[in-house]
Amino acid sequence: MAKPRKPKNEDPKPENSGAVVHHQKLCLSIDMDKRLVYGYTELEIAVPEIGIVGLHAENLGIESVWVDGEPTAFEYYPHQYQQLENEKRWSSVSSPSSAADAAVSVYLSSLEKELVPNLLINCCKPFKTETEQQQQEQPVAENGFHTSAEPKQNVRSVRIDYSIEKAETGIHFRDNVLHTDNQMRRARCWFPCIDDNLQQCCYDLEFTVAHNLVAVSTGSLLYQVLTKDNPPRKTYVYKLDVPVAARWISLAVAPFEVLPDHQFGLISHLCLAPNLAKMRHTVEFFHNAFSCYKDYLSVDFPFDSYKQVFVEPEMAVSSLSLGASMSVFSSQILYDEKVIDQTIYTRVKLAYALARQWFGVYITPESPNDEWLLEGLAGFLADFFIKKHLGNNEARYQRYKANCSVCKVDNGGTTVLSCSASCKDLYGTQCIGLYGKIRAWKSVAVVQMLEKQMGPESFRRILQTIVTRAQDKVRSVKTLSTKEFRHFANKVGNLERPFLKDFFPRWVGSCGCPNLRMGLSYNKRKNVVELAVLRGCTALQTSSTAVLDINPDTENRDADSGWPGMMSIRVYELDGMYDHPILPMAGEAWQLLEIQCHSRLAARRFQKPKKGLKHDGSDDNGDIPSMDIRSSTESPLLWIRADPDMEYLAEVHFNQPVQMWINQLEKDKDVIAQAQAIAALEASPQLSFSVVNALNSFLTDSKAFWRVRIEAAFALANSASEETDFSGLFHLVKFYKSRRFDSDIGLPKPNDFHDFAEYFVLEAIPHAVAMIRAADKKSPREAIEFVLQLLKYNDNTGNPYSDVFWLAALVQSIGEFEFGQQSILLLSSLLKRIDRLLQFDSLMPSYNGILTVSCIRTLAQIAIKLSGFIPLDRIYELLKPFRDLKAIWQVRIEASRALLDLEFHFKGIDAALLLFTKYVEEEPSLRGKLKLATHVMRLCQMRDSLISNDEITSRTLVSLLSLLEGRMSFNNVFLRHYLFCILQILAKRPPTLHGIPRESRTLHMSLTEAGNYQRNLFVLDSENKPLELPNSTQNLTPDLIVTEGFRDVLDEAPQNQVFEVSKDQTFEAPKEVQVEALKEMPLEAPKEDLTGFPPEAPIEAPNEIYKEADTVSNSHERRRLIKIKVKQSSATSRADTDNQMVERSLGGRNDIDHGASSSVSVSVDAPQRNFAETVSIGNHNVEEVNSWHDPGSRMTASIGSAKILGDELVKELQCTADSSIVYSQPRLEDPSPSSLIQDNNIDADARRFASLQTLSVARLDHDGESFGKEISARRKEKHRDKDKKRKRESHKGQRDGPEYLERKRLKKEKKRKEKELAKLQSDEAKRSSIDLSCKKEQPVVDGVKQLKSVEPSGYNSVPDIRTIDTKPRASEGTSGAPKIRIKIKNRMLNKS
């Protein structure tokens, strides 16, 4: 019987979900002199029943609103900024952790506000007549939106008159240039709209500008007309018939030079006059990309025209700003015929922007969960162009490097491609920065994996089907979802449903990539290759399980559940190449495969050497090599590769002999195989001359791919050492001189860059030489002299190509040198060359100032390395002039970066951050601010890697928070995100919104909330209110609930702190259960999340343990405190060691702590006894605890300090037990027994998911003495039992002897006496308890809790019964604090 289909999980609709824009008209006039934009917009809106339409508008002056030609009421709530003084507003920010929490609140608050419409229009008017309704819907039907069969809607025409007086966001002025950008949710900053990617409509656009300016916008240019103004102005009229989101509406106004494409008339290229020659050379190839996509998809371009606009880099927020039928680029990617290095990057950039017009702008994602698919299809299309026009080697190499980067970073929930919770909670920020790049690369890799599975032709038919379906006039919305693509993969791509059912949840709905470790052994007798494989996952275990998009009814699978399909193993033998698709990617993590070889070695007789002679000619008799040793070095294998066709996004670590890697490098023609072989040879522990010679042979092979040859050059540099007589340095210099030196005079020849591949390889040689180090970690003098010679004799006469990139590479190689005592003499000559290049570049500026940029970067590196030789003041004076606003944008930013580096290395991160806040406010360009923020974020990451203890002042943190909350961040969403990331990195958290607790998302910081935010993270409010009994009593449970992140509490706590509180104190019961600071006693994480946070939720510990006991609760009364000394036993250290092993595999702020619980021995200010009893702490979730705790009860525990007493580590443990309501009902016993894992042979999973751990607590007897005993006695007892067992086995034959019988009799007698003694003690304890119970004058509750622990074999103990007698104190109007009397009853049985 088929299961019923489950309903869709629909997200709650936004407030404006009822309003739908059918069509929008935008008419604007632009005054460049006054920096003024004014006009109106008309929207055809289907009004919801409520009659209120919510639009987004920001930075606009709304003058009037008209509905159907009549004025109407409206309310406008523009973005407001905090006017409070920063010192008062952020007074509670005192540490990076508190600043990070405040940043979370500020960032999330601003993102939440952007989702809410802030222009509310009253459209409560009578419905139109049916005739008017049909007349108004008629043109809409022509645009493909509605048909006559659709129900009638309340469609209104809304006109909004507005102006923009200060264009800062979304639209930008500079000189006589204006352009818009497509930042997230910033279209509202230049015209009112529903700024949502799911709201799409057609547009009519009219822009009136000065007659000498050109207005370029989305859609087709219908006509341009001169106005009757004096002087006359020109109006450009555009029409966009394809429904798009408001984000994709773009506008650029400037005195552009228009260059029509010579192949396709619908393509136009526009730039300012100075860049016309560069643009003409840059776009010569573009028709190839356009025809490539058109032929592959077999359909025409979806828009009627396509415009490429190039603006100055100071104006651009990013290097690419997309719009419908229009792309805006930074003009710095333009190049002329003399520049070589920029060519590949620019062509890929332009091709990708064109691919995004198909997938992303024209065809849009159905929901945020589907954005990965459109980005992946666009990247796949761009890769197809690279393969066709830049070569298969270039395409495969770029994809291989991108996949390697993904495998390194894809370890958490941030890189999950399609997860409803992640996409919704990240507000689109997942596409910004490093994680955005990784997500884009991963999307392309997943799409390419599907293409490999179904074949190129089937995949092409799927894309053709998608585009053809989108061009259907009947379809109103042109969207694509992951579910639809999965359906196409099944129907058109012929992929089986079981495979797709596993593929999409594993690759799209979860994080992590396969991590394979392989080793081989050849069995000559069977002629097979034995391949051992260990499969892992790059994702942290808690991350991968939390984001898997699987059926909630099924159990969550972990990272080792595998991936669908079989990986192919390619074996290269003497007789040829053979593929074996036999490695399953699911199932057991350990795999042992046998691959049958097809080739056999020719049988030959083994000639025994003559007697008395060795192989080396010596005359001593020696051992003759056995047949096994000889055959082990002989096999028909040449080399082996795993996943040669990149069918999986996997990280493969293959272990094969060095000679097989050399064979792979020399004989395999695949660039990926060559790159893998070079990496393996470079990482080999012993670099032999055969490895060096193989790398040198590959470097000198002009037929090899130039990018891989560069890798070989750096591998040679890494192999150069005294062990190899610096042969790597010798080969690099020899190769360069053979290509570029005149052999007759021994000097460099004039530059000749006609061979581009050779040019790139030779350009990398100086950098590789600069990486070589001698035994003293300094650069060899020969390497420095070589680079100095190249700089001195560089001659570019007669060369048609520019040498600025060539010289820049030489200068940057100087910054890589480490100068020693011998080579420091050459520094002055190098500095003179750098100074000469700076003067030359100031007179004749190089392409994008690249030469000056490299000189500034090198000077900063030299200053940092040689601060003792070079005065820093001189470097500051040299670099500061380059920060002048008149300097080239790239030069100004590089100078600021260099000064930030110097500030960081010599004054610390705090000084660097203060300087950054100054520079970012002074920098006028939006992209410059972004570059500075990116650089500072790297400095913060460097600080973490260096384990620096630099303190960051509250002044610096408040400055960063002010920037994050200010207008500057609102204008630049990329800058805002990087400021947030900087504050998170300073607090040692991942730079992402992923994993932020939901409690933080709705938190709005106030003067007091900011300081208490961290403390609130640890509060577990009681959800289940217990039954109130008449006597108002409650059982005090001893269970401790420990959540993730508590170990971090002690990192910032004072280490020499002891809590001394009088026992006469009383206390008032607070309203929550709070547990703090259990760093040294890690408990097993509960099966359910205690705090309700996501699995990767960051939980930041409080900054400090409160020094005063009064701060534990908010009570003004005195409280009773018990001082407990905690002794850490040997078992504790072993459990902690096991726990640390588990933690290393997890790591990160966003991971649940799966630590094993350590056992500790506790005594309450009493002398030690020789025996102890163990108590295990139950593993309860929050609901179980709260069900027995009234909101008026509280229990806290914290470790205050650590002391060394004798040979034992003693910790002061402060416990506070409060109760204003005490139950007479005892707490139920935990049905699940606890277990203490003591066997070191148990695997990590068994330790990690152990249900309970044991906490050994010594109790007080009625005389006040302690029964503490070290846990190490158990281990001794275990070893003693093993010794006894060994002795018994050795004396099996002596069991009938008199000595054995006598020992046995004495042992029985001893056991009998121990039993009698234990019985007497038990009877005495019972009598004393009866006497005490007779003296009671009021009802008393006995909270009985028996906790059992599994002991090692040979050691048994009976758990004690802990009785807590509480007597509430009579009070008037207030609840009195009870007196607590603790009584311990002990029983001891013989070891039988």
Side-chain angles (χ1 to χ4, degrees), residues 285 288 340-348 351 379 382-405 441 444-445 448 452 570 572 577 638-639 641-647 652 654 660-683 691-719 728 731-732 735-736 738-740 752-769 771 801 805-806 809:
F285 84 101
N288 293 326
I340 301 174
D341 300 65
Q342 187 69 33
T343 305
I344 295 177
Y345 172 81
T346 298
R347 292 190 176 186
V348 173
D383 277 6
F384 180 76
F385 164 76
I386 295 173
K387 180 179 179 180
K388 289 294 183 182
H389 293 275
L390 296 179
N392 186 50
N393 287 342
E394 180 72 20
R396 283 182 61 82
Y397 186 85
Q398 287 193 14
R399 180 50 40 202
Y400 169 68
K401 287 300 180 181
N403 289 359
C404 292
S405 300
W441 286 340
V444 180
Q448 287 187 338
K452 294 286 185 182
R570 181 171 295 176
Y572 291 83
M577 176 191 72
L638 296 179
W639 70 93
R641 291 186 61 195
D643 192 25
D645 296 326
M646 282 198 303
E647 296 178 347
V652 180
F654 201 91
M660 297 179 70
W661 286 118
I662 295 176
N663 294 340
Q664 179 172 325
L665 177 62
E666 294 176 344
K667 299 180 181 180
D668 203 321
K669 301 304 180 184
D670 183 16
V671 293
I672 298 177
Q674 296 165 355
Q676 291 173 343
I678 290 173
L681 293 176
E682 183 181 1
V691 173
V692 175
N693 293 334
L695 293 172
N696 180 55
S697 299
F698 189 85
L699 173 64
T700 57
D701 185 7
S702 59
K703 295 182 180 179
F705 184 48
W706 62 272
R707 290 191 186 272
V708 187
R709 292 172 66 190
I710 291 175
E711 288 197 9
F714 281 97
L716 270 176
N718 190 39
S719 69
H731 286 304
L732 288 172
F735 167 72
Y736 190 95
S738 66
R739 299 296 200 276
R740 299 284 299 112
D752 184 7
F753 300 156
H754 285 90
D755 190 344
F756 293 162
E758 204 73 17
Y759 161 79
F760 285 119
V761 175
L762 292 173
E763 188 182 52
I765 296 299
H767 192 188
V769 169
M771 303 297 292
Y801 299 101
F805 283 93
W806 181 270

Taking R570 for its side chain and A642 for its backbone only, find out whether a donor-acceptor pair lies under 3.5 Å. no
Does a donor on one side chain and an acceptor on the other come within less than 3.5 Å for Y397 and Q674? no
Does this structure show an ion pair linking K452 with D645, if we count only N-O contacts that are shorter than 4.0 Å? no
Side-chain heavy atoms of L732 within contact of L699, under 4.5 Å: yes
Using 30° and 60° as the class limits, which term best fits the ring planes of W639 and Y572: parallel, tilted or perpendicular? parallel
Answer yes or no: is there an ion pair linking D752 with R740, defined by an N-O contact shorter than 4.0 Å? no
Side chain proximity check, E758 to R709, heavy atoms < 4.5 angstrom: yes
Flag, side chain of Q664 to backbone of A673, donor-acceptor distance under 3.5 Å: yes
I344 side chain near I386 side chain, heavy-atom distance below 4.5 Å: no
Determine, using ring centers only, whether H754 and Y759 are less than 6.0 Å apart. no
Flag side-chain contact, heavy atom, 4.5 Å: M646 against Q448: no
How are the rings of F753 and W806 set relative to one another: parallel (under 30°), tilted (30 to 60°) or perpendicular (over 60°)? tilted
Under 3.5 Å donor-acceptor, T343 side chain and I340 backbone: yes
After noting the C-alpha distance and the side-chain angles of R641 and D668, does the key distance pass the side-chain contact (heavy atoms from CB on, under 4.5 Å) rule? CA-CA 10 Å; R641 291 186 61 195; D668 203 321; 3.4 Å; yes
Given R707, R399, H389, K387, the one that forms side chain to side chain donor-acceptor pair (under 3.5 Å) with E394: R707
